[in-house]
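Just so it is clear: chains get the letters A, B, ... in the order the sequence lines come, proteins before strands, and each one is counted from 1.
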Amino acid sequence: MTTRTDDAVGPRAGRGTLATELAESPAPPAARGFRTYRLRVPPVSGVFRPRLVAVCGALAAAVFLAFCWGLSFGDFPIALPDVVRALTGSGDPGTVLVVRELRLPRALVGLLAGAAFGVSGALFQTLTRNPLASPDMIGLTQGAGLAVVAGIVLGWDGGLGTQALGLLGALAAAVAVYTLAWRRGTTSYRIILVGIGVAWICTSATDYLVARGGRFQAQAALGWLVGNLNGRTWAHVTPLAVALGVLLPAALLLGRVLRTLQLGDDVARGLGTRVQAVHLAVLLTGVGLVAFGTAAAGPVAFVALAAPQIAQRLAGTAWPPALAAGLTGALLVLGSDLIARTLIPDTELPVGIVSGVLGAPVLLWLLVRANRAGSGG
Amino acid sequence: MSADSTSAPAGTAPAGTAATEAVFAGAPAPAAPAAPVTEAAAGDAADGSSPHPDLRAHGLRLAYDGKPVVDGLDLAVPPGRITAIVGANACGKSTLLRALARLLTPRAGAVRLDGRALQAVPARELARRLGILPQGPVAPEGLTVIDLVNRGRSPHQTWWRQWSRADEEAVHGALAATGMTELAHRPVDELSGGQRQRAWIAMAVAQGTPVLLLDEPTTYLDLAHQIDVLDLITDLNRSEERTVVMVLHDLNQACRYADHVIAMKRGRIVAEGAPAEVITAETVEDVFSLRCRVGTDPVSGTPLVLPMGRHHGAAAAPEGATAAESADVRLADVRLTDGP
């Protein structure tokens, strides 16, 4: 356009020319990692990312392997095929008893808690657009930890149980962080700063409780605080499984709305996302996941922070993919538990000690590799 | 959030909305053309009324933290035209744009789209009628252009239908219209500033809204890319009759590219109308507290603002005249029509 004369504001010529252009516009060059599918009946369509699907498949296989391997392990070693047979209910009754009653709860808590941490981390990191804003950095895990330790040391768990206490603690911490960070909406920067403050308050209070608690109680609290899969029973598994049955589908469904939120609150609103409602839904889902996970397995270090980032880099996406993050979290916890038990066979090393040692180098390696390749950050 | 407003009285639904809904309900129809045009056609076919959206504000009071920014503002956006809002920093022009997009809830008064208060329109329905590109949006690291543009389709998508034929056509069309087809699979953060802005505009184009609000779309761009982006916006307006409202800093660009200019000062509209009526030396001096001369742009024939600082053209009248004359010499056919 060079001149703006009167006829330029008059009736516009060529209405619909762009429509023609649109209908005939060339498809962008095909790229690896971006395929689309469309079915006529039912009218289902979407973008299909082969790499993400492959990563999820590989992770699921690895998780299954680690799960069965963990079950085969113990005072009476059981061969892997026998483990699988015992899981399906066939095979030697003794083996079935050992696998299903004694070892399965431990493995299931590891699997489910790991998945809960991974998915929760992915939710928070996507919501705040910041990898640092995972639940174990912003005080949620610490809040759950404080409530549970208070229950153990002060004997408050009468009637409530660890699960409920963990849930209440995480919720209270989340409410504290969100209200303190709130100022005409909230930014990830404020959430992280306030969250770190809340985390330290909870950690200090927990330390105080452990210090003043009786020797036996302190021991129990400390053992739980590092993240522990020892001596898990079905009583630990059932609430976690029920909670995940509700929260995991919710988290996966929220993944789609979170895509627009990733572009910033204003853009998301402009695209018809109800930002505050989504914030609330994500917050409740994420807090629920981390609270039930923590209540069952203790605050297993680093999983919620590292798993989504590892999954994102494996899948080559621009956001932490929730499903892959959950699988990575499960693999991290199960793998850490395996290592903890094989490293020092006589003592049962708590899983949280290993997960921190294991997760950090994997994340660092991925970061360094991405920097060298100059892509993906 | 008051987005859930199915309670809006049925009688207030504007004529075009039913048609719009029908079109989108049947979105997977084969070979549906671009959304806005479809809507226009459907609107014409359904009731013969103007397909153009009617966006207006009445008695608008806007405030941040109780501090009033805009008060008692009335505005009607000319449908199918490009409107530029100009004014000094902190005069409330971005605030007004945010209110027009419902990013800000008015303390008093209302913004109405086709007769319905924005607060009463469900979020997704509004997002199919009105798109906004805020200032300086940031894409997450590694997000590709096509992923970004596809997100513009989210008000049209459902959980299970995320790449319908209409989506595909809108995304490919938006990429083509913004010249981004070849860069579709490149990460947005690796693009140049101008390309990045084009990618964001492509997202807004793919959204397919009859109204497009842009907050300083040329900020941080070099001159060539500024012109490039403004030309692109003009193309969208001319060929698809999209109603565009944008906040612009550069008065000369506003004069060139806008059909309608709104000059704001301290939360009020000082003048509005065709650029030649609004951009006069008096208005500019009033709005920006800056003395200037306004000539005629030799390229476009629109007003050309020549600011006078303390060092140029401000002293005595004869010197000012000399400076203006030398400008005449250089620009060959700049005609000074207005002076202090």
**OP:** Select one option (side chain, backbone, both, neither) describing which atoms of A:L253 are under 4.5 Å from chain B's heavy atoms.
**Re:** both

Original post:
Under a 4.5 Å heavy-atom cut-off, does chain B meet the side chain of A:R129, its backbone, both or neither?
Top reply: neither

Original post:
Would a distance-only check, ignoring hydrogens and angles, find a side-chain to backbone donor-acceptor pair under 3.5 Å from B:T181 to A:P28?
Top reply: no

Original post:
Does any heavy atom of chain A fall under 4.5 Å from the side chain of B:T144, the backbone, both, or neither of them?
Top reply: neither

**OP:** Can you tell which part of B:P137 gets under 4.5 Å to a heavy atom of chain A, answering side chain, backbone, both or neither?
**Re:** side chain

**OP:** Would you name the heavy atoms of B:R161 and A:P43 that are closest together and state the gap between them?
**Re:** CG-O, 3.6 Å

Original post:
When rounded to the nearest 0.5 angstrom, what is the spacing between CG in A:L271 and CD1 in B:I132?
Top reply: 11.0 Å

Original post:
Quick one: does B:P140's side chain get under 4.5 Å of A:L263's, heavy atoms only?
Top reply: yes

Subject >> B:Q162 (side chain) donor-acceptor with A:V44 (main chain) under 3.5 angstrom >> reply: no

**OP:** For A:R274 and B:A123, work out which heavy atoms get closest and say how close.
**Re:** CG-CB, 3.7 Å

Subject >> Structural part of B:N150 lying under 4.5 Å from a heavy atom of chain A >> reply: side chain

Original post:
In terms of heavy-atom pairs under 4.5 Å with chain A, which of B:D147, B:V145, B:L143, B:L133 leads?
Top reply: B:D147

**OP:** Please name the pair of heavy atoms, one in A:G270 and one in B:L103, separated by the smallest distance, quoted to 0.1 Å.
**Re:** N-CD2, 4.4 Å

Original post:
Using a cut-off of under 4.5 Å for heavy-atom pairs, which of A:T260, A:D266, A:V267, A:T36 has the most such pairs with chain B?
Top reply: A:D266

**OP:** Against chain A, work out which of B:A184, B:P187, B:P134 has the most heavy-atom pairs shorter than 4.5 Å and name it.
**Re:** B:P134

Subject >> Residue pair B:R151 / A:Q262: nearest heavy atoms and the distance that separates them >> reply: NH1-OE1, 3.0 Å

Original post:
How close do A:S45 and B:W163 get, heavy atom to heavy atom, and via which atoms?
Top reply: OG-N, 2.9 Å

**OP:** Might you point out which heavy atoms bring A:A318 and B:E141 nearest each other, and give the distance in Å?
**Re:** CB-O, 3.4 Å

**OP:** Taking the side chain as every heavy atom from C-beta outward, state whether B:R165 and A:R38 have any atom pair closer than 4.5 Å.
**Re:** yes

Subject >> Partner residues of B:D228 under the salt bridge (Lys or Arg N to Asp or Glu O under 4.0 Å) criterion, sequence neighbours left out >> reply: B:R198

**OP:** Evaluate the side-chain proximity of B:Q157 to A:R256: yes if any heavy-atom separation is below 4.5 Å, no if none is.
**Re:** yes

Subject >> chain A contact via B:M180 - side chain, backbone, both or neither, heavy atoms under 4.5 Å >> reply: neither

